[in-house]
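Structure, as structure tokens:
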Amino acid sequence: GSRPGGGTVGQALSKRYWQYLACKVWPEGCEEEEKQQGEREASPIPGWGFPLVGQEYLEILSAWYCSFGKCCETGDCRIINNITGLEADLNGHLHGQHLAKAVVVRAVQGFLQSPRPPKALVLSFHGWSGTGKNFVARMVATHLYRDGLRSDCVRLFVSLLHFPHHNYVDSYKAQLQKQISETLQRCRQALLIFDEAEKLHSNLLDAIKPFMAQHSSEGQADQQRSIFLFLSNLGGNTINEVALDFWRAGRAREEIPLELLEQRLRLELQEAAENGYAHSQLLRENLIDFVVPFLPLEYQHVKLCARDAFLARGLPYTEATLDQVAQMMVFVPKEEKLFSAQGCKSVPQRINYFLP
């Protein structure tokens, strides 16, 4: 479905810029696109909505494109694997997500310390938009590689951006396989992030699966490791229902057990697989190691996001200002007004209203 706030970014990224990005990643199909573009200059690209809002998205994209064309001669791509830093950063800046924090740190640490992991580590992040899925993916990249998302060993794919047209699926598939296998050949430790995983075509998943299933270690002195992160809005409503039930029963959200959410999510994803959501089939095939739930964010968490946004820009703020920013968000359900409908998304843009 369309997300709130998507339109403005669509306008901000001119069609030319979009085209430049698309051509840079997938040169094939570009000439055709340009021909069509001439014929329909007035209409934007069909079915295209921009997934994450604003500045931070452009940062992620530009970081990713900077990494093109550079090779990593040593093959180690400046791996730092700073788990302590990852944990500290998540503790300081990821608000209201006690479960996601614990699962991610435990999973990544266990995987990196395991002498010979039999397969890739596959984590599937689930939750509403704006609850921190992209943020955590970025943190993982930042603390495993010195160059973060710019590292040659990190690849970020966004379904609507990189695979927008269903009629090009075969071409996308070949390029995706090529990019993943080149990354794995170059890097003894690779991180592959798939944003908007619920929109991934099943043919594209077929291209990814073999890389997740087993690790090739023939004749390698050093064990090849790869980490796959799938980010999805699927299951968000189920997670929110559980959180709301706990709140209505007067229980703290920190009491929500991982097992309960995981069980409910797995049920919902099974259903989704039957309804043709390809990404859910990974669960069926036991390729997903951890389902990571992101809870809906409350008023207090939005205030903390606002505080972080002011601090990140070195700007002064008061408690009253943080309240004003939080009050600009829409809260649901209608009666309780408990959860921010967009999580913390667009909070960094909203502090512009309060600049001196």
Side-chain angles (χ1 to χ4, degrees), residues 3-6 9 50-64 82-83 85-108 123-145 147-151 154-159 161 191-198 227-236 239 253 290-298 300-313 325-326 329 339-351:
R3 310 192 185 187
V9 186
F50 216 66
L52 246 185
V53 169
Q55 198 50 45
E56 66 168 354
Y57 208 78
L58 289 178
E59 281 164 25
I60 293 182
L61 286 178
S62 51
W64 190 44
N82 177 4
I83 300 293
L86 174 62
E87 195 167 6
D89 222 346
L90 293 177
N91 280 331
H93 299 109
L94 178 67
H95 306 299
Q97 302 299 0
H98 65 291
L99 294 172
K101 201 183 316 184
V103 177
V104 169
V105 171
R106 195 176 68 224
V108 172
L123 302 182
S124 195
F125 292 4
H126 296 269
W128 258 7
S129 182
T131 49
K133 301 184 300 289
N134 270 284
F135 181 74
V136 173
R138 199 165 62 207
M139 290 284 126
V140 171
T142 303
H143 292 287
L144 297 193
Y145 301 90
D147 302 323
L149 282 170
R150 280 191 285 271
S151 166
V154 179
R155 281 276 170 264
L156 166 67
F157 300 97
V158 184
S159 300
L161 182 66
L191 173 63
L192 299 131
I193 303 167
F194 293 86
D195 191 6
E196 304 189 328
E198 74 277 5
I227 299 176
F228 287 78
L229 305 181
F230 291 92
L231 282 48
S232 166
N233 290 344
L234 273 186
I239 295 170
R253 65 193 271 134
F290 295 92
V291 173
V292 185
F294 283 74
L295 298 167
L297 298 180
E298 298 173 16
Q300 49 165 336
H301 305 122
V302 176
K303 279 180 70 175
L304 290 170
C305 291
R307 182 203 66 188
D308 290 350
F310 280 106
L311 289 173
R313 289 167 62 176
V325 177
M329 307 302 273
F339 302 131
S340 166
Q342 282 182 276
C344 277
K345 190 169 281 192
S346 81
V347 165
Q349 286 74 27
R350 289 175 193 245
I351 70 171

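Residue indices begin at 1 and follow the sequence shown.
I239 is listed as a side-chain neighbour of L295, based on a closest heavy-atom distance under 4.5 Å. Residues V292 and V136 fail the side-chain proximity criterion, which asks for heavy atoms closer than 4.5 Å. Using a 4.5 Å heavy-atom cutoff, the side chains of L234 and H126 are in contact. Under the 4.5 Å side-chain criterion, counting only non-hydrogen atoms from C-beta, M329 is in contact with V347. Residues V104 and F125 are in side-chain contact: their nearest non-hydrogen atoms beyond the backbone lie under 4.5 Å apart. At least one side-chain heavy atom of D308 sits under 4.5 Å from a side-chain heavy atom of H95.
Distance check, rounded to the nearest 0.5 Å: CZ of R350 to SG of C344 gives 11.0 Å. Distance CZ/F339 to CG/L297: 9.5 Å, rounded to 0.5 Å. Of the inter-residue distances, the one linking F230 atom CZ with D195 atom CG reads 12.0 Å to the nearest 0.5 angstrom. Rounded to the nearest 0.5 Å, atoms CZ (R106) and NZ (K101) are 14.0 Å apart. Atom CG of L94 is separated from atom NE2 of H301 by 9.5 Å, given to the nearest 0.5 angstrom. Distance check: L231 CG to K133 NZ gives 6.5 Å after rounding to the nearest 0.5 Å.
Without hydrogens or angle criteria, S151 side chain to D147 main chain gives no donor-acceptor distance under 3.5 Å. S159 contributes a side-chain N or O that, together with a main-chain N or O of E196, makes up a donor-acceptor pair within less than 3.5 Å. Looking at R253, its side chain does come within 3.5 Å of a backbone N or O of P296 through a donor-acceptor pair.
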Original post:
Would L192 and F157 count as a side-chain contact (heavy atoms from CB on, under 4.5 Å) if you check the C-alpha gap in whole Å, the side-chain angles of each, and the deciding distance to 0.1 Å?
Top reply: CA-CA 8 Å; L192 299 131; F157 300 97; 4.3 Å; yes

Subject >> side-chain contact (heavy atoms from CB on, under 4.5 Å) between L90 and Q97, worked out >> reply: CA-CA 9 Å; L90 293 177; Q97 302 299 0; over 6 Å; no

**OP:** Kindly determine whether L149 and I193 satisfy side-chain contact (heavy atoms from CB on, under 4.5 Å), including the steps that lead there.
**Re:** CA-CA 10 Å; L149 282 170; I193 303 167; 4.1 Å; yes

**OP:** Please step through side-chain contact (heavy atoms from CB on, under 4.5 Å) for the pair M139 and H93, ending with a clear verdict.
**Re:** CA-CA 10 Å; M139 290 284 126; H93 299 109; 5.7 Å; no

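Across every non-hydrogen atom of R307 and G92, the tightest pair is NH2-O, 4.0 Å. In this structure, R313 and P348 approach most closely via the heavy-atom pair NH1-O, 3.6 Å. Nearest heavy-atom pair across P293 and A100 is O-CB, 3.8 Å.
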